[in-house]
Participant: 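Below are the structure tokens for one structure; questions will follow.
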Amino acid sequence: MATDLDSTWVSVERGEIDRRIFSDPDIFEQEMELIFGRAWLFLCHESQIPRPGDFFEAPMGRDNVLVVRQRDGGIKALLNTCAHRGNAVCRAEEGNARNFMCTYHGWTYDIAGNLIGVPGLEDLYGGDLDPSRHGLAQVAQVDSHEGFVFATMDPSAPPLPDYLGETGTLGLNLIAAQGDMEVIPGIQKFVIPCNWKFAVDNLFDWYHPQVTHLSALQTGMLGATPPGARLMDSGGAQTPDGREIQLPGGAVGGDVIDSIVCLDTYGHAIAGPTAEAFGAGGLFDDSWRRTERARELLGPVGSRVAGHPNIFPTLWVSSTTQASLRIPRGPMETEIWWFSFVDRDLPPDQRAMRVFAANHVFGPAGLLEQEDGENWAQSTIQTIGHRSRQVPQLLRMNLGRGKVVRDGQSPPRIEGTTSEHAQLWTFAAWSAWMSGCGWDELRRRTVPPEVL
Amino acid sequence: MATDLDSTWVSVERGEIDRRIFSDPDIFEQEMELIFGRAWLFLCHESQIPRPGDFFEAPMGRDNVLVVRQRDGGIKALLNTCAHRGNAVCRAEEGNARNFMCTYHGWTYDIAGNLIGVPGLEDLYGGDLDPSRHGLAQVAQVDSHEGFVFATMDPSAPPLPDYLGETGTLGLNLIAAQGDMEVIPGIQKFVIPCNWKFAVDNLFDWYHPQVTHLSALQTGMLGATPPGARLMDSGGAQTPDGREIQLPGGAVGGDVIDSIVCLDTYGHAIAGPTAEAFGAGGLFDDSWRRTERARELLGPVGSRVAGHPNIFPTLWVSSTTQASLRIPRGPMETEIWWFSFVDRDLPPDQRAMRVFAANHVFGPAGLLEQEDGENWAQSTIQTIGHRSRQVPQLLRMNLGRGKVVRDGQSPPRIEGTTSEHAQLWTFAAWSAWMSGCGWDELRRRTVPPEVL
Amino acid sequence: MATDLDSTWVSVERGEIDRRIFSDPDIFEQEMELIFGRAWLFLCHESQIPRPGDFFEAPMGRDNVLVVRQRDGGIKALLNTCAHRGNAVCRAEEGNARNFMCTYHGWTYDIAGNLIGVPGLEDLYGGDLDPSRHGLAQVAQVDSHEGFVFATMDPSAPPLPDYLGETGTLGLNLIAAQGDMEVIPGIQKFVIPCNWKFAVDNLFDWYHPQVTHLSALQTGMLGATPPGARLMDSGGAQTPDGREIQLPGGAVGGDVIDSIVCLDTYGHAIAGPTAEAFGAGGLFDDSWRRTERARELLGPVGSRVAGHPNIFPTLWVSSTTQASLRIPRGPMETEIWWFSFVDRDLPPDQRAMRVFAANHVFGPAGLLEQEDGENWAQSTIQTIGHRSRQVPQLLRMNLGRGKVVRDGQSPPRIEGTTSEHAQLWTFAAWSAWMSGCGWDELRRRTVPPEVL
Amino acid sequence: MTIAGTTRDDADLLARMLLDHQVARFYYDEAALLDEQRFGDWVQLFSDDTHYFMPLRRTVSRRQRDREFTRPGEMAFFDDTKGVLEARVAKLATGTAWAEDPPSRTRHVIANVRVVDDRGDELDAESNFILHRTRLKSEETTWVGSRQDTLRRAGGSFLIARRHVHLEQTVLLSQNLSNFF
Amino acid sequence: MTIAGTTRDDADLLARMLLDHQVARFYYDEAALLDEQRFGDWVQLFSDDTHYFMPLRRTVSRRQRDREFTRPGEMAFFDDTKGVLEARVAKLATGTAWAEDPPSRTRHVIANVRVVDDRGDELDAESNFILHRTRLKSEETTWVGSRQDTLRRAGGSFLIARRHVHLEQTVLLSQNLSNFF
Amino acid sequence: MTIAGTTRDDADLLARMLLDHQVARFYYDEAALLDEQRFGDWVQLFSDDTHYFMPLRRTVSRRQRDREFTRPGEMAFFDDTKGVLEARVAKLATGTAWAEDPPSRTRHVIANVRVVDDRGDELDAESNFILHRTRLKSEETTWVGSRQDTLRRAGGSFLIARRHVHLEQTVLLSQNLSNFF
Ligand code: FES
Ligand code: FES
Ligand code: FES
Ligand SMILES: [Fe+3]
Ligand SMILES: [Fe+3]
Ligand SMILES: [Fe+3]
């Protein structure tokens, strides 16, 4: 099995990652083709483009895609580049368009991407240009699940439901199940000088908040600690001024928590505490978990999942009703986008509370996320040193102790406490994708093992 | 014939260009060697350096060249790099030099590039350094036509007159014929984040002003519309707010105009309206066309040409008495230089009008050119997307309908209305250059076909 | 012998260097591995980190190394990258640390680099992570000479004393011999857009001050001219405004001076005037040369050396009690660090004079160094031109006239007047390093010839 | 009274100038508190009912400029009460706010200070700013934008009763906003 | 009259300060019009006989500094009459000025405002500026320079009778100058 | 006396404003001398006993911020007496200061000018600056920082008796400091 999961870059057996993958420009170019040129990528949520002509520009690798609501209610994903000389046909990030007119020569496309206008079509082209052959290029496949719009550049990619599989579906449903969800206006966008894989790895990382976000936790703004939890051993850790580190406790503050990890084909995964372990109150409410709809959509195990799913490669679905894209801009540059969701039916005060939480937890000014970027940036920089990059990255927490349960009640899962299984799984799948193998083999190679 | 003109990158038959050539770094490196390392490149106009010691620094690929007026009235092109350790020997863009002293160790070169001073030549070098062998490196060939100074790094390049051929000569004469021309002091220099070939392609593009420059035309500052012209069909084009586009009319405003395209060896071309179609008045005066000198220099057909010549690769000679260099700085960065000409003998008021036109039409603050850079920059960016760059660029306007006339009255020409023949020809020649073939084959491969 | 010293890039026989080595990115990458991944590199001086836990961050190629004073008085060099995920464990340039806690997950390392803290070592890692195997990576070898701390990433590198050899040792002793030396607080750091080899070459260059630093010399702030010296011939050099250049005279102002050049294995060298020729007074005092300690440490010839040593590759030891690192940041970017030394036992007024000299001679605002960067930057830029870079760099001063004396009184040396022997030797050794040969062959190939 | 050779207009101008200057000086002193990292003193310049708001900005077509900024109740970078501001300050004081240790170096350049409305107890002031931040060895960030404040007169000085900060960037070219504007 | 404890010098100083402030405030209000894209109002701040001039700048040796800037009658980036300025404004208002749709975001930071000569009906003022422009997703341009203006007193305010703008750059590191200075 | 409708506070405010303005104007005039390259006039603004000091800056942990700046007697970028300043100016005037020929183009933007202490004969003033420099074709450098000055009253103006310049950068991202701050 190791033969399948191990690669030049990743050793699942030893729980080691070769640091070169975090800054090598050639590897980045391959990622653009082998991963971002093939995978289903999240574009936006349907609630962002309710009316015909509403559009939102989203990145697919280095391609810029216009997601447009059609008159028939459908959604199309069009490449933002004119069929004539390649100029962008739309320069706004979002809005409503009656059509897309290219500012270079005036070629005009309707919101379905059809070429409907060519100045001088008769007088200059003498009618021998066939507009029907020169519409805006369409992304190969577009589909959505519970309002989450995805697309892939690969015509041969499996349908979205197959791609998402049990784990991807559960991940999206963790937001969908909270009610009649819509995106709160305003997508936070900012840039971090790090490799995108550090930003992805981190979303599974329930080991870092207690330290990285210690100062935020100490402000007490992030909610109460569930009673009866046990604080983990500090293992001798000390702050820079030499005092033993004081973990504040709580699910993100150092308690030993019950955790569920789901692993699945194509590299999707979920990791984090159970709902009981995570607790509620403060900024976070979980009453929705006990609704009919939630139980139905999530199932007995799913409704207990309070961890963080990643839809491979780059969509983090946070159980705190936000979703984040980790957009690769270069080997050492990643753009972060935050989408924030709220149940349309919430009363104003509860809605306000959700917006408040969305604005103050994550994002560049969020109490939590302020600290994250620095770790990822420094971790990225240290991979360019000739000697430093020979030190493997370690993903060994509970390695070999994760028994994968397949009882039909959930996606393949590992129950236990905090681990690095999901990160390791993500990198294992990453090397399968980077092998350039076909879809069938990719699926086969990303079936979770019995034990991890 | 297609076998000769078609290449991996360019299909003349289909009128398609592969977008990769607009951002691929390796292709850019080859261009530096195969095109800018061999072609005759425009440096400056003799009127900029009238007195001995007057110099002007000009780029040749990534080399910096000092164009210097000699005591005997001749002109030399010297590489701006010291023979000792390579320091630049001159840091000013232009001026008058008594000599060029290197600020590192004081080696001094006269304005002909001879090494005339070496501190310690006796005491330190003990006389065994031979100054005559260490002058400034000279550009292989320098020559000028009607005051336009050109140079090539390739000793085996054909003489300038052969290189210019009929079309290049006509292009330069379109300015020379206007009188005793001199450069108005001040070269506008600015940078556009685009590939240089978009900037070159555009100079032939009489299809874009009606849309790109619509707002400028609407100000009415660019002169009147000749009577009796016919507006082209809008072909269904609509502005972004959904109204049918209103072309203002005029030679640059959407009229169907009589056009002349010249195609020639080495990739030179001219494209645009006839003088009659272009009209006169407003900022533009064409009385000079009816002078003895003009008829003589331009011939019966040439004196009817009001279009834009390009001296391959990068010198745009605008019939509005300006010339522009498109200087490649990187795959996605181009520096634009504007040289503006005026007839020394014009009365003050007419001279003032020329300066006014030169200052307000082109250049970064020009009413026209403000809009151009944006189109080229966006067109360039859209070529880096893995999927977008697979969409070919279309140059199909009147493709296959261009009968090349060879009646001895002009360079090989196509008469008709607006087309994309000249752009296509430029790219066809570009791929011949990029094949790295010798000069003879290059000439052979760039003989225009019977029909384009 | 030429067979050994000549290479694709360097011709010792002709005194020519291929300019490509000053900007080619591939060559820079090889330098990172073959030179900066193997050579002994200067990190800092022991006086900068007197107390246990004192640390100073220094670069080794692209690796960041923490030089830390240990409790037992020893010194360790630790890679500043966490064994877990690679985050930097210290973000300060210098200071005192009780330990190094990684801000990502709290792994804590003592000042010896041992992993002493892992949150959840029991509760999450279940005890199967062995901290003793995951300390901070240590640099392969660390050693110091007279307080100068060096390290190498290559375990097979010869011991520091062998590496330094006679010339390197003499170089360091030229500062050590001045008394009980300590570093004056404050390391000047700045960036120059040039290749690092121009900055190294220049330290041997006693031919440039008379011209490059003419304006500084004219202020008269740099001390008096020793009597009886003879000004070199101006060799016809003229300033840009056409007047014969007026060399101010003095050891750095154009006098023909007695000079000593030492050449040695691994590329170390020293070049410059004798103490008598250099003179004293003004900002510079050389009474220390006549002390018992100096004569002992330096020997009869060494105590006469007033020139500049370079410990290959990048440590300039200036006889004016400063040392400068030329740190490669990229093919065309170099970071300069200045360390300034003073004898602990100097009376306040003399100490103040030393600090004054250190602050006003070199450094970005120093009267001398202001002018240098410009020459190196321009020399670097001119190597990217396709034609310019074909002009070889000349290192011909006194080429072939340098008889290498081996009389046991000093390292192999050439006595004479100003020459370019040391620069040429540095580049010859550089190509031996770049051949990638083993240490024995490297030593053999860098034994100075009989004549240079 | 009149100042020698001055008119009533001059007196009005003088009064307006006094006010502009008083506000500008208030801003300069505020900037000094921030750049000296005296955050505890800084937060006391805000009224208890203050609203510190930095909306998101979007690149939209001229036709749809009304959608350029998000509004309160939508997403924002800052949407803070006095309490949240105090929490941010408290966070910086914990000694465990790693992103600010080593502390970033900031320099607030405050310009174009204009009182645009004076309602007696409160006044509205606008200003432009350049906030320059350096971190670690050579990380450099420059934020440019404007502030629309409501200042409340209090004891010869002002309390900031409302601050809306508009950044010029849409995509934020920096990894975090761990500083104040 | 004297202000308590002040002298005639103070009164002169006060008068000069009033003027400097009046001009500075005029510039801040002007900058606000530009940054709010109220170009129609902005152009009305210019006299009908105004001259709006931005020469080209060249890197020349110290010996030839007299050749650094081009002069009227030579090439320039801007060499505009009121009529040309109005045409530029009209162009922006057509709704088809694509380079400014989506509109670029500008922030004019005006500094070092100094009245250097007061001739009664007209005065000369100098100022430094930083014009920061962001466009689309993340295009950023910063222009730095100075302005030498002649201001004409008119109705308690000023008309700009002459504006010479000096940019610091020689090669312009931006694709166009579709904004005002 | 009181200004119509003003109070004693206003008079104090006015006095303080006059002083802030006088110092600001002094700095603007100083900046103009530098940007016009009138270095000989500029250096005369310093008292004979002046101390022009720019310490080195280090990235240190919050715990050790007392070690951020070097002190007089340690290393610095500038640690000059009047005599050294005059030597720097003389150097620039030699005509052989190659790094400044062609001359670099500088623009000093002086902001946040505050008089923080007035001792009668001398006063302490703080200001922020952005020094923008362009050289040759397209080399651009921006230095940001603050100045802590002691100004000595002299003949209706000031002499700079002490200037401490703090740059924000630790590693200097420019090849030299051949300009004045
Ligand atoms: S490029 Fe779009 S219409 Fe020509
Ligand atoms: S590099 Fe020109 S004289 Fe030495
Ligand atoms: S990366 Fe250092 S503790 Fe995890
Ligand atoms: Fe986090
Ligand atoms: Fe155009
Ligand atoms: Fe030097």
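It should be emphasised that the depicted structure is a prediction, and the values quoted were computed from it without experimental measurement. Throughout, protein chains are lettered first and strands after them, A, B, ... in sequence-line order, and every chain is numbered starting at 1.
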Participant: Could you tell me how the ring of B:F339 sits relative to the ring of B:W337: parallel (under 30°), tilted (30 to 60°) or perpendicular (over 60°)?
Facilitator: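 Geometry flag for B:W337 against B:F339: tilted rings.
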Participant: With a 4.5 angstrom heavy-atom cut-off, could you sort out which part of C:D372 is near chain B: side chain, backbone, both or neither?
Facilitator: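 Neither part, no heavy atoms under 4.5 Å.
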Participant: Using heavy-atom distances under 4.5 Å, tell me whether C:P209 contacts chain B through its side chain, its backbone, both, or neither.
Facilitator: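 Neither; nothing under 4.5 Å.
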Participant: Look at the aromatic rings of B:W433 and B:W439 and report parallel, tilted or perpendicular, splitting at 30° and 60°.
Facilitator: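 The rings of B:W433 and B:W439 stand perpendicular, inter-plane angle above 60°.
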Participant: Examine B:F22 together with B:F427 and report whether their ring centres are nearer than 6.0 Å.
Facilitator: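 Ring-ring flag for B:F22/B:F427: true, centres closer than 6.0 Å.
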Participant: Quick one: of C:H213, C:Q210, C:M232, who has the most non-hydrogen atom pairs under 4.5 Å with chain B?
Facilitator: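 Option with the greatest count: C:M232.
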Participant: Can you tell me if C:D201 and C:T426 form a side-chain donor-acceptor pair at under 3.5 Å?
Facilitator: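 Per modelled atom types, C:D201 and C:T426 side chains form no pair under 3.5 Å.
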Participant: Under 4.5 Å, counting heavy-atom pairs only, tell me which of C:L231, C:N202, C:D241, C:I381 racks up the most with chain B.
Facilitator: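 Most pairs with chain B among the choices: C:D241.
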Participant: B:N87 and B:H105: side-chain donor and acceptor closer than 3.5 Å?
Facilitator: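 Not at all, the side chains of B:N87 and B:H105 share no donor-acceptor pair under 3.5 Å.
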Participant: If you count heavy-atom pairs within less than 4.5 Å of chain C, which of B:I116, B:V89, B:D123 leads?
Facilitator: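 Maximum pair count with chain C is reached by B:D123.
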Participant: Counting a contact as any heavy-atom pair under 4.5 Å apart, which residues of residues 414-424 of chain C contact chain B?
Facilitator: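 Only C:T417, C:T418, C:E420, C:Q423 of residues 414-424 of chain C have a heavy atom under 4.5 Å from chain B.
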Participant: Please classify the contact of C:I384 with chain B as side chain, backbone, both or neither, using a heavy-atom distance under 4.5 Å.
Facilitator: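 For C:I384, backbone and side chain are both near chain B.
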Participant: Consider only side-chain N and O atoms of B:T152 and B:D154, and report whether a donor and an acceptor are under 3.5 Å apart.
Facilitator: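 Result is no, nothing qualifies.
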Participant: Checking B:A140 against chain C: side chain, backbone, both or neither under 4.5 Å from a heavy atom?
Facilitator: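 Answer is neither: B:A140 stays 4.5 Å or more from chain C.
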Participant: Is it true that atom CG of B:D440 has more than 12 heavy atoms of other residues, nucleotides or ligands lying nearer than 6.0 Å?
Facilitator: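 Result for CG/B:D440: open.
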Participant: Between B:N195 and B:T380, is any side-chain donor less than 3.5 angstrom from a side-chain acceptor?
Facilitator: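 No.
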Participant: Which one of B:R91, B:M153, B:H134 has the most heavy-atom pairs closer than 4.5 Å to chain C?
Facilitator: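 Of B:R91, B:M153, B:H134, B:R91 has the most heavy-atom pairs under 4.5 Å with chain C.
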Participant: Which answer fits B:C102, side chain, backbone, both or neither, if we ask what part of it has an atom under 4.5 Å from a heavy atom of chain C?
Facilitator: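 Contact with chain C involves the backbone of B:C102 alone.
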Participant: Could you check which of C:G400, C:S234, C:A377 has the highest count of heavy-atom pairs closer than 4.5 Å to chain B?
Facilitator: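 Highest number of pairs under 4.5 Å: C:S234.
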Participant: Is B:F100 in contact with chain C via its backbone, its side chain, both, or neither, using a 4.5 Å heavy-atom distance?
Facilitator: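 For B:F100, no heavy atom lies under 4.5 Å from chain C.
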Participant: Considering only heavy atoms, which portion of B:L79 lies under 4.5 Å from any heavy atom of chain C: side chain, backbone, both, or neither?
Facilitator: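 Side chain of B:L79 only, per the 4.5 Å heavy-atom cut-off to chain C.
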Participant: So for C:R19, is it side chain, backbone, both, or neither that comes closer than 4.5 Å to the heavy atoms of chain B?
Facilitator: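 Just its side chain gets close to chain B.
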Participant: Would you verify whether the NZ or CZ of B:R85 falls within 45 degrees of the ring axis of B:W107 while also being under 6.0 Å from that six-membered ring's centre?
Facilitator: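 Cation-pi check for B:R85 and B:W107: fails.
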Participant: Kindly state whether the ring of B:W196 and the ring of B:F36 have centres lying under 6.0 angstrom apart.
Facilitator: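 Centroid distance B:W196-B:F36: below 6.0 Å, so yes.
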Participant: What residue in C:N398, C:L214, C:L247, C:L399 has the most heavy-atom pairs under 4.5 Å with chain B?
Facilitator: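 Heavy-atom pairs under 4.5 Å are most numerous for C:N398.
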Participant: Measuring heavy-atom distances to chain C, does B:N96 have an atom under 4.5 Å in its side chain, in its backbone, in both, or in neither?
Facilitator: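 For B:N96, there is no contact with chain C at all, as no heavy atom is under 4.5 Å.
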Participant: Heavy-atom pairs under 4.5 Å with chain B - which of C:E371, C:E244, C:H386 has more of them than the others?
Facilitator: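 Most heavy-atom pairs within the cutoff with chain B belong to C:H386.
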Participant: Give the intermediate values and the outcome of salt bridge (Lys or Arg N to Asp or Glu O under 4.0 Å) for residues B:R443 and B:D162.
Facilitator: CA-CA 10 Å; B:R443 180 185 192 86; B:D162 299 4; over 6 Å; no
Participant: Could you label the plane-to-plane angle of the B:Y125 and C:Y207 rings as parallel, tilted or perpendicular, counting under 30° as parallel and over 60° as perpendicular?
Facilitator: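 Rings of B:Y125 and C:Y207: perpendicular, over 60°.
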Participant: Any idea how B:W40 and B:Y163 line up, ring-wise: parallel (<30°), tilted (30 to 60°), or perpendicular (>60°)?
Facilitator: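 Geometry flag for B:Y163 against B:W40: tilted rings.
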Participant: Side chains of C:S324 and C:I336: closer than 4.5 Å at any heavy-atom pair?
Facilitator: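 SC-SC contact between C:S324 and C:I336 confirmed.
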